[in-house]
Amino acid sequence: MAINLHKKASLTAYSLVLSLYTACAFHLPFFRYLTGHLEGGFNGVLLTLSAAFLLVAIDFFVYYLLVFLGRFVGKCVVAFTLFGDAVMLFFVNTYNVLITDEMMGNAINTQYSEAAGFFGWGFVLYVLLLGILPMVYVFGRKVDYGSWKGFGACIGVALALIAAVIFGNMKNWPWIDRNSTELGALIAPWSYIVNSIRYEQARHRAEQEEILLPDVTGVSDTRDVCVLIIGESARRDHFSLYGYPKETNPYTAQDSVTALVADASATYTRAGVKAILEAQETGELYEILPNYLLRAGVDVSWRTSNWGEPPVKTEKYYRKGDLKARFPEADDRYDGILWEGLREDIAASTADKVFVVIHTYTNHGPSYFSNYPPEFEVFTPINPSVEMGKVSREELFNAYDNSVVYTDWLIHQTIELVRSLPGRRGCVLFVSDHGESLGENNLYMHGVPMAMAPREQIEIPFVVWAPDMELKSPEKVGQHHVFHSVLRFFGIDTPFFDEEMCIFAPKNE
Ligand SMILES: [Zn+2]
């Protein structure tokens with residue numbers, strides 16, 4: 001079809017071309033989901049056709065409205081959404097993710113340095129061909145905007161048709177409602193726009209001032225140190241401590257650690273970390289463990305190469321960059337830098353009780369192979385491509401498993417460090433924020449909503465080293481167990497301590 005760019009197109013035709021393009025170029029996964037989950041027969045066909053019509057009609061309505069009212073600005077907004085649609089399609093197709101509010105939270109919280117790992121040549125192609133190229137039409141096509149009268153008529157007809165199709169499908173509403181998360185997550189551009197707004201609203205609610213917990217009623221007089229290592233995307237079934245046949249825990253295997261079976265509360269970092277730090281599951285933000293301990297007189301510090309935790313109040317809060325500034329000769333490419341100067345910091349503390357949180361990044365994808373030093377490349381071959389769907393299962397597993405070996409070494413180093421500190425009882429905990437998909441059911445990474453998340457994203461390692469404590473043998477624990485267990489380790493009494501949520505047996509005095 002040859003388009004004469006010099007002859008003006010009516011705004012109706014212009015909007016229709018763009019809405020047809022949007023429906024065809026970006027909605028293959030949407031229709032694949034629809035046809036894959038519908039029962040066949042006449043109703044299935046009707047619903048699919050209705051969905052196709054609605055996609056075109058609603059985009060037409062919005063494009064027409066934007067360009068009529070905004071003119072050039074409206075065109076810019078349309079162009080921006082086409083760019084966003086191409087990015088979204090790349091992620092949906094490459095990583096098989098759903099663009100939910102949780103996933104937008106992941107995207108918003110991903111820093112550029114880490115995000116760079118996602119963008120290979122495939123990404124450039126998607127954006128160039130599907131996002132940038134159509135802008136030639138968006139900006140190049142001369143448009144006859146028409147009159148206000150034409151505007152009213154066109155918008156009226158579009159709205160009436162949309163309403164008719166929606167009400168004509170009333171008996172499908174329950175099905176649509178049940179599948180709304182998935183369907184909404186695959187419709188461009190609404191998925192990423194609406195879900196970004198929903199995510200920001202939820203975050204705003206969560207970042208309100210934390211609700212203080214009742215004061216501590218008693219503290220033991222022992223001198224203790226507890227290091228809590230928060231893992232990132234560590235999945236349980238790739239830890240040999242839990243029976244994985246490859247030797248991914250060669251270091252802690254010699255440390256007499258206990259590996260508890262645990263499930264995460266969420267599949268994304270912000271919520272997983274919050275669950276590790278909070279006493280119980282609530283929609284609110286209650287005082288988190290480090291802040292509560294700080295208020296009880298504990299020496300609290302935080303070291304992180306990650307992000308997403310609720311506000312931590314200690315002054316001893318060190319990002320990777322802060323540690324690099326303190327220790328310029330340290331290698332800041334890997335999580336090892338988070339341990340730099342830790343022994344000296346603990347030794348210098350005059351407090352009876354010292355609590356250190358180390359929030360790691362090591363098992364985060366897609367570039368698992370770039371998160372560990374070369375000497376930890378024990379499983380080969382690996383494939384340094386970021387497009388996980390194109391890497392063989394063996395290569396992907398090897399890179400991930402190497403990152404688990406490095407994590408294991410970091411845990412082991414912590415235990416060695418704590419063990420060798422004179423005059424302090426020690427405890428080291430390693431708990432992951434969530435698991436990780438490595439191609440099972442064609443899923444990668446994490447962030448699938450809990451209700452439909454695969455077990456790989458939920459099952460996490462919960463590794464304990466505490467030679468002075470007697471461990472109970474719970475069948476399964478959760479992330480909130482950390483809170484109550486750390487309180488018991490420190491010998492801190494509070495009115496809301498929950499025996500059920502504590503992995504340590506009470507001390508018999
Ligand atoms: Zn995470």
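Both ligands and their constituent atoms are indexed starting at 1 by order of listing. Just the heavy atoms: all of them, side chains too, but no hydrogens, waters or symmetry mates, feed the values below.
Atom CZ of F327 sits in a crowded spot, with more than 12 heavy atoms from other residues, nucleotides or ligands closer than 6.0 Å.
For the pair K246 and F379, the cation-pi criterion (under 6.0 Å, within 45° of the ring axis) is fulfilled.
Because the distance cut-off is set at 2.8 Å, H434 qualifies as a neighbour of the Zn ion (ligand 1) through one of its N, O or S atoms. Contact annotation: Y268 places no N, O or S atom under 2.8 Å from the Zn ion (ligand 1).
Side-chain polar atoms of T222 and D224 form a donor-acceptor pair below 3.5 angstrom.
With the Zn ion (ligand 1) as the vertex, OE2 of E232 and OG1 of T269 span 120° to the nearest 10°.
Taking the six-membered ring for Trp, F376 and W409 have ring centres closer than 6.0 Å.
Taking the Zn ion (ligand 1) as reference, the nearest N/O/S atom within D433 carries the name OD2.
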